[in-house]
Structures are given as structure tokens and as C-alpha cells.
Amino acid sequence: MEYRIIKSPSQGTVDLLFRRKGSAPSVPLENYDAVGLVQGRMIDMVVAADMAEKAAGVFVEDIKGHCPQNLIMIAIFGDTASVEAAIKDIQCKMREIKVGENP
């Protein structure tokens, strides 16, 4: 999995992400000042989205793309501290899952 955080994303970056969103948001996306991007396998992205929303007050959106390796990406919207906390929680818990798989 790859992780990136964009603090204070430009309007062009936000427009790019909104054009590539997989669906209409279930809640209005406003009042965020950071976007976390996480890319990986489908199974990991579903788990990561769940972890992010449970860890902090963030909203997660699926971002459509064209990747020959069948990777997908999620965008985590929220305030900077919440996005950073969500990413750290995902990283920590995914390491725990991987360690549990390889005794």
C-alpha cells in the first residue's frame, strides 16, 4: 500500500479528485483542509476505508483510475489532524494484520 497526505489541497486538485470519485457522496464534503490518499489492493482498500472512518472524523471516497495492476485508491477527507490520525491508524493496523498472516 502507498500513502500520501495533501495538506491544503489546491482547488484544481480537489476538482480532479471529485471528477474521479466513484459515486455521489453520502454526505456533503466540505470543511476539510487535508486529503489522505491510500492506494492498494481492493480488499485492503475496503478495510482501510473502514479503519479510517472509525479512527477519526473523516469521510472516505473511492477514486476511480486505470491501473493495470488492479490497484484502487481511496481519498480520506477531513481536517489535517484527523487525516493524519486515520492514515497512521491504517498503517499500524495493516502491519498487525500482515504480521498475523505470517507467523
From [X] [atom1] over to [Y] [atom2], what is the distance, rounded to the nearest 0.5 angstrom?
{"X": "Ser82", "Y": "Ile87", "atom1": "OG", "atom2": "CD1", "answer": "12.0 Å"}
{"X": "Met51", "Y": "Met45", "atom1": "CE", "atom2": "CE", "answer": "9.5 Å"}
{"X": "Ile74", "Y": "Leu37", "atom1": "CD1", "atom2": "CG", "answer": "9.0 Å"}
{"X": "Tyr3", "Y": "Lys88", "atom1": "OH", "atom2": "NZ", "answer": "13.5 Å"}
{"X": "Gln11", "Y": "Phe18", "atom1": "CD", "atom2": "CZ", "answer": "8.0 Å"}

message = Could you work out, with salt bridge (charged side-chain N to carboxylate O under 4.0 Å, His left out) as the rule, every residue matching Lys54, not counting sequence neighbours?
response = Asp50

ask   = Excluding sequence neighbours, so at least two apart, what forms salt bridge (charged side-chain N to carboxylate O under 4.0 Å, His left out) with Asp44?
value =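 Residues passing salt bridge (charged side-chain N to carboxylate O under 4.0 Å, His left out) with Asp44: Arg41, Lys98.
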
Might you point out which heavy atoms bring [X] and [Y] nearest each other, and give the distance in Å?
{"X": "Ala55", "Y": "Ala86", "answer": "CB-CA, 4.4 Å"}
{"X": "Ala52", "Y": "Val58", "answer": "O-CG2, 3.3 Å"}
{"X": "Val60", "Y": "Glu53", "answer": "N-OE2, 3.2 Å"}
{"X": "Val83", "Y": "Ala34", "answer": "CG2-O, 3.8 Å"}
{"X": "Pro9", "Y": "Tyr32", "answer": "CG-CE1, 4.5 Å"}

ask   = Under the 3.5 angstrom rule, does the side chain of Arg20 hit a backbone N or O of Lys64 as a donor-acceptor pair?
value = yes

query = Can you tell me if Gln39 uses its side chain to pair, donor with acceptor, with the backbone of Met1 under 3.5 Å?
reply = no

inquiry  = So Lys21 and Ile63, do their side chains get closer than 4.5 Å, heavy atoms only?
reply    = yes

key: Heavy-atom side-chain proximity of Ile76 to Val35 below 4.5 angstrom   = no

task = Indicate whether the side chain of Ser8 and that of Asp33 have a donor and an acceptor atom separated by less than 3.5 Å.
result =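 Distance-only check fails for Ser8 and Asp33.
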
ask   = Is a salt bridge present between Asp89 and Lys93, judged by a nitrogen-to-oxygen distance below 4.0 Å?
value =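 The answer is yes: the pair qualifies as a salt bridge.
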
message = I'd like to know if Glu84 and Lys7 make a salt bridge, using a cut-off of under 4.0 Å between side-chain N and carboxylate O.
response =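 Looking at Glu84 and Lys7, the cut-off is met.
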
